[in-house]
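The next block holds one structure in the form of structure tokens; read it before the comments.
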Protein chains: 2
Amino acid sequence: MSDLLERLRGRGWRMTAQRRVVAEVLDGDHVHLTADEVHAAAVTRLPEISRATVYNTLGEMVTLGEVIEVATDGRAKRYDPNAHRPHQHLVCGRCGAIRDVHPGGDPLADLPDTERFGFTISNVEVTYRGICPSCASTA
Amino acid sequence: MSDLLERLRGRGWRMTAQRRVVAEVLDGDHVHLTADEVHAAAVTRLPEISRATVYNTLGEMVTLGEVIEVATDGRAKRYDPNAHRPHQHLVCGRCGAIRDVHPGGDPLADLPDTERFGFTISNVEVTYRGICPSCASTA
DNA sequence: ATCCTACAATGGACATTGTCCAAGTCAAGC
DNA sequence: GCTTGACTTGGACAATGTCCATTGTAGGAT
């Protein structure tokens, strides 16, 4: 069952075949698909779905706070449905693999007032970069 | 005088008018220009400089480790010449302003081995997001 | 069950950002 | 002042994302 779909339904979202397919494709843990990957997967279930609809739907999910947008590589944005639990990302610089990670500590507490320049800070993103085990073994 | 230019010269870089202009445009603190912004600024000094050259030059500076590439918004990459001193970024979600900040603590130490999944981690990027004072006052 | 209507989907044009390449140009050493 | 290999150019191309007029449809009202 799709948790993501349930959450969206509960918000009075008008449910269409397209939105259902996008939500189903995106559901799960350690999912970090690009918009085009979502589209490609959606097309196998609903061949006539358009790119614009996938972009619109992902954008709405982000606005609703049910999906997080992640920019790990400066190329395409990735969409992470794991929005209900705070987490950070660990990225392999060679193959691009992404894992959700849960660091201890509060990164916000590490930023003293003198370094905040009067900003009201609402969230902190941490990206750990390195090489994953399988890339390391084929160095 | 351009520190960035000095450092590049010291590495045996072949010095051309184009590279000089790009280095001069990019030099300074709290500089976080996109490639196109660099190009626009460069054109005012050297009208015939091409986009390709700006991209090439920025890419080389990044490879040499004299400039850092920052992806704060999933749109265009930004180029930060402040590569000699480790720092993180504070970004205004409304106007896009960026400040360099220097948090205390070591974010790497906050990630336990059990959360590293065998990765060899080489660096950590932290992005603080919020609203800057001038945007807050015109809410 | 059918009708209405506001909201959603479509697809294709357009925008932005970035990469590539063949040909011309030039900095730096001799 | 040559020569040469590295640098620059401009334009084509690629990837990602946005916009909009038109068409379709979900879900409430009748």
Side-chain angles (χ1 to χ4, degrees), chain A residues 5 8-26 32-64 66-80 96 98, chain B residues 5 8-26 32-64 66-80 96 98:
Chain A
L5 200 50
L8 293 168
R9 203 195 303 273
R11 287 162 173 267
W13 232 35
R14 186 159 148 181
M15 192 49 57
T16 67
Q18 291 84 350
R19 289 177 168 186
R20 197 177 347 260
V21 166
V22 170
E24 285 170 2
V25 163
L26 205 58
H32 306 92
L33 298 171
T34 65
D36 264 5
E37 287 165 353
V38 171
H39 181 237
V43 160
T44 67
R45 302 196 196 190
L46 189 65
E48 66 279 18
I49 192 172
S50 75
R51 278 185 349 114
T53 296
V54 171
Y55 276 98
N56 288 342
T57 304
L58 291 172
E60 287 155 16
M61 290 173 173
V62 170
T63 298
L64 290 173
E66 294 295 347
V67 167
I68 304 265
E69 221 173 49
V70 187
T72 52
D73 61 353
R75 305 277 309 285
K77 290 179 208 162
R78 294 182 173 274
Y79 293 89
D80 181 341
I98 303 177
Chain B
L5 200 51
L8 293 168
R9 204 196 300 275
R11 286 164 174 267
W13 234 34
R14 185 158 148 182
M15 193 49 57
T16 68
Q18 292 83 352
R19 288 178 169 183
R20 196 178 347 260
V21 166
V22 170
E24 285 171 2
V25 163
L26 206 57
H32 306 93
L33 298 171
T34 65
D36 265 4
E37 288 166 352
V38 171
H39 181 237
V43 160
T44 69
R45 302 197 196 190
L46 190 65
E48 66 278 18
I49 192 171
S50 73
R51 281 189 342 118
T53 296
V54 171
Y55 277 98
N56 288 343
T57 304
L58 290 172
E60 286 154 16
M61 289 173 173
V62 170
T63 299
L64 289 173
E66 295 294 349
V67 167
I68 305 264
E69 221 172 48
V70 187
T72 51
D73 63 352
R75 305 278 308 286
K77 291 177 207 163
R78 292 181 174 274
Y79 293 88
D80 181 341
I98 304 177

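Side chain of B:R19 to main chain of B:R14: a donor-acceptor pair is present (N/O by atom type, distance under 3.5 Å, no hydrogens or angles).
In terms of heavy-atom proximity, B:Y79 sits nearest to B:T34 at CD1-C, 4.5 Å. Taking every heavy atom of both residues into account, A:D80 and A:H32 meet most closely at OD2-NE2, 3.3 Å. Closest non-hydrogen pair, A:A35 versus A:V54, comes out as O-CG1, 3.7 Å.
As rounded to whole Å, 15 Å separates atom P of C:dT17 from atom CD of B:E69. Rounded to whole angstrom, the span from the CD atom of A:E37 across to the P atom of D:dA15 amounts to 13 Å. Following rounding to the nearest Å, B:D36 (CG) and D:dT16 (C1') show an atom-to-atom distance of 15 Å. The distance from atom CG of B:D73 to atom P of D:dT16 is 16 Å, rounded to the nearest whole Å. Rounded to an integer number of Å, the gap from NE2 of B:H39 to P of D:dT9 is 8 Å. Remark: C1' of C:dA22 and CG of B:N56 are 14 Å apart, rounded to the nearest angstrom. As a whole-Å value, the separation of B:K77 NZ from C:dT16 C1' is 14 Å. Rounding to whole angstrom units, CZ of residue A:R75 and P of C:dG18 are separated by 10 Å.
Side-chain N/O atoms of B:R19 and base N/O atoms of D:dC7 include no donor-acceptor pair closer than 3.5 Å. Remark: the A:R14 side chain and the C:dC7 base include a donor-acceptor N/O pair separated by less than 3.5 Å.
Toward the 5′ end of DNA chain C lies the nearest nucleotide of A:E60, the other residue of the pair B:W13 and A:E60 mapping further downstream.
Between A:Y55 and D:dG17 there is a side-chain polar atom (N or O) within less than 4.0 angstrom of OP1 or OP2. Taking only side-chain nitrogens and oxygens, A:Q18 never comes nearer than 4.0 Å to OP1 or OP2 of D:dG24. Look at B:T16 and you'll find a side-chain N or O under 4.0 angstrom from OP1 or OP2 of D:dT8.
Here the CZ-CZ distance, from A:R9 to A:R20, works out to 6.5 Å after rounding to the nearest 0.5 Å. Between atom CD of residue A:E69 and atom NZ of residue A:K77 there is a gap of 4.0 Å, rounded to the nearest 0.5 Å. Taken from CG in A:L33 to CG in A:L58, the straight-line distance is 9.0 Å, to the nearest 0.5 Å.
Using a 4.0 Å cutoff on non-hydrogen atoms, the parts of residues 46-54 of chain A near DNA chain C are A:E48, A:I49, A:S50, A:A52, A:T53, ordered by number.
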